[in-house]
Colleague: 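What follows is a single structure, and I will ask about it in a moment.
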Amino acid sequence: MGRKKTSAHLRDKSLEAALSAIELYNKPNFSYREEGFCILMINAWELMLKAKVLSDHSEDKRRIYIEDEQARRRDGEPYKRKKYKKSKKTGNPLTLGIPKLVNAIEGMDNTLREHIVTLNEIRNNCIHFIVKDRSLQKKIVEVGTASLKSYVHLSREWFGKSLEDFNLYLIPIAFDPPSAFDTTTPKEQQRLLDFIEKEKRDNEVSEDHPHHISLNISIKYTSGKTGILFSKSKAGGMPITVKAEAQFKNKFRWTFDDNLIPALKKYGNFKRTKEFYRLKRELERDENLAGVRYLDWNKKENGTKKIFYSPNIVEAFVEKLGLTRQDQSQG
């Protein structure tokens with residue numbers, strides 16, 4: 001059994017980095033999600049590109065080293081053989097970064113090249129500043145989804161390595177999203193958003209093209225016969241399945257008579273007036289506060305239904321009706 005090639009080592013390490021990026025992004029309640037994904041995904045791309053360069057040039061490591069064009073002999077003349085830069089602390093050769101690697105591969109798709117440069121720019125911003133604006137977080141998952149799509153495609157094309165056994169997709173779903181987002185975007189982050197949009201416009205390709213700068217994520221829920229929700233992202237996205245029953249019960253666990261009315265009766269000035277029922281109908285249209293269950297989903301227009309409520313609806317009644325607790329009203 002022969003010794004494993006350096007390109008194969010880099011290819012395998014690249015896959016580990018990609019899987020780590022996905023696992024980190026899909027972790028629940030993780031505040032460094034977008035930044036961590038970009039850092040690890042760029043690492044995966046850098047290793048993949050280096051593996052490709054070595055594979056195309058008979059494993060010649062000099063192809064991924066940084067040439068030292070300023071190196072001179074003692075007499076001031078340049079060396080006949082190329083010299084390469086080394087780390088001053090370890091003495092190890094310095095290797096090419098993303099900007100040079102994307103140009104080192106012959107025949108590389110231009111959209112893919114610009115996509116990797118775009119992802120690298122996002123990564124640089126993540127490392128050196130902050131990414132907190134919601135609109136930028138959404139854009140990162142769109143760029144990230146396009147990145148994984150290209151990564152899977154090239155793993156097969158360049159190395160004949162199928163990655164279908166791995167779950168290489170992101171899950172950009174929140175089952176209890178806030179009702180409103182802060183639309184104020186800091187100047188630094190707005191510049192990054194503008195850069196991403198410009199790259200997308202300048203490198204627009206057809207939907208069936210293997211590479212994109214970013215992919216528009218469109219989440220759509222449909223009810224299947226099995227009681228499972230199906231969701232799919234546009235342009236080659238992979239299906240995501242979620243148990244509908246458990247999600248609905250977790251979010252809307254109150255009924256009108258058993259839970260909502262007893263909770264409102266704790267407020268001394270609460271009365272079931274016409275204004276209360278008008279407000280009730282208004283709040284029931286808010287998908288974050290109320291959900292409808294039908295006895296037969298095929299008879300939604302005239303079939304039997306029941307409305308369930310999120311406990312958060314109480315706060316809306318208190319605010320709109322000016323309710324006060326009994327102990328406060330008596331004081």
Side-chain angles (χ1 to χ4, degrees), residues 26-34 132-138 141 171-185 217-232 240-331:
N26 291 338
K27 286 173 66 70
N29 196 29
F30 187 73
S31 60
Y32 205 65
R33 184 185 316 278
E34 288 79 16
K132 287 300 178 186
D133 187 81
R134 295 302 295 267
S135 57
L136 186 53
Q137 291 172 339
K138 177 178 181 292
V141 77
I171 308 179
I173 297 177
F175 288 101
D176 192 16
S179 58
F181 295 117
D182 181 4
T183 57
T184 303
T185 304
I217 305 299
S218 177
I219 303 297
K220 181 180 180 181
Y221 298 104
T222 58
S223 177
K225 295 181 180 179
T226 60
I228 295 177
L229 294 177
F230 293 92
S231 170
K232 192 169 185 179
I240 305 167
T241 60
V242 183
K243 292 290 185 181
E245 187 73 18
Q247 293 296 338
F248 187 94
K249 287 183 177 180
N250 182 58
K251 186 173 183 179
F252 305 117
R253 54 183 185 271
W254 279 14
T255 63
F256 182 78
D257 293 318
D258 295 337
N259 306 103
L260 180 57
I261 291 301
L264 292 174
K265 283 183 176 179
K266 294 179 181 179
Y267 295 84
N269 59 337
F270 168 68
K271 294 182 180 180
R272 296 169 69 161
T273 61
K274 289 184 179 180
E275 175 62 16
F276 162 72
Y277 283 103
R278 183 201 64 76
L279 179 59
K280 170 178 169 292
R281 290 191 295 271
E282 177 185 324
L283 296 178
E284 286 173 349
R285 292 194 290 270
D286 189 330
E287 296 179 352
N288 290 315
L289 299 178
V292 180
R293 297 299 302 274
Y294 292 89
L295 182 63
D296 187 346
W297 282 92
N298 295 319
K299 299 179 181 179
K300 292 177 65 174
E301 293 186 3
N302 53 12
T304 303
K305 67 178 182 180
K306 186 172 183 177
I307 300 177
F308 291 81
Y309 304 89
S310 164
N312 296 332
I313 199 172
V314 172
E315 296 180 11
F317 277 113
V318 171
E319 179 183 352
K320 299 288 186 180
L321 298 177
L323 301 181
T324 56
R325 301 283 295 189
Q326 285 186 346
D327 52 355
Q328 294 175 336
S329 60
Q330 292 173 359

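Residue numbers start at 1 and run along the sequence shown. Atoms considered below: every heavy atom in the structure, side chains included; atoms not considered: hydrogens, waters and symmetry mates.
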Colleague: Under the side-chain contact (heavy atoms from CB on, under 4.5 Å) rule, what do Leu283 and Tyr309 come out as? Steps first, then yes or no, please.
Modeller: CA-CA 10 Å; Leu283 296 178; Tyr309 304 89; over 6 Å; no

Colleague: Listed by chain and number, what are the side-chain contact (heavy atoms from CB on, under 4.5 Å) partners of Arg272, not counting sequence neighbours?
Modeller: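 Checked Arg272 against side-chain contact (heavy atoms from CB on, under 4.5 Å); matches are Phe256, Ile261, Phe270, Phe276, Tyr277.
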
Colleague: Using atom types as modelled and distance alone, determine if a side-chain donor or acceptor of Arg33 lies under 3.5 Å from a backbone N or O of Lys27.
Modeller: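 Judged by distance alone, yes, a pair lies under 3.5 Å.
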
Colleague: Find the distance between CZ (Arg253) and CG (Asp258) and round it off to the nearest 0.5 Å.
Modeller: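 Result: 14.5 Å between the selected atoms.
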
Colleague: Does a side-chain heavy-atom distance below 4.5 Å link Lys280 with Phe317?
Modeller: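 Yes, close enough: below the 4.5 Å cut-off.
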
Colleague: According to salt bridge (charged side-chain N to carboxylate O under 4.0 Å, His left out), does anything in residues 313-322 pair up with another residue at least two apart or in another chain? List the pairs.
Modeller: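 The answer is none; no pair qualifies.
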
Colleague: Does any non-hydrogen side-chain atom of Leu264 lie less than 4.5 Å from one of Leu321?
Modeller: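 No, side chains not in contact.
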
Colleague: So do the side chains of Asn269 and Leu323 get within less than 4.5 Å of each other, counting heavy atoms only?
Modeller: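 In short, these two side chains touch, coming nearer than 4.5 Å.
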
Colleague: Less than 4.5 Å apart, side chain to side chain, heavy atoms only: is that true for Val141 and Glu34?
Modeller: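 Not in contact.
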
Colleague: Are side-chain heavy atoms of Trp254 and Ser310 found at a separation under 4.5 Å?
Modeller: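 A side-chain contact is absent here, since even the closest heavy-atom pair is not under 4.5 Å.
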
Colleague: Are side-chain heavy atoms of Leu289 and Phe252 found at a separation under 4.5 Å?
Modeller: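 Not in contact.
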
Colleague: Taking only residues two or more places apart in sequence or in another chain, which ones pass side-chain hydrogen bond (donor to acceptor under 3.5 Å, both in side chains) with Glu275?
Modeller: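 Arg278.
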
Colleague: Lys306: which residues meet the side-chain contact (heavy atoms from CB on, under 4.5 Å) condition with it, sequence neighbours left out?
Modeller: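 In terms of side-chain contact (heavy atoms from CB on, under 4.5 Å), with neighbours along the sequence ignored, Lys306 is linked to Thr255, Phe308.
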
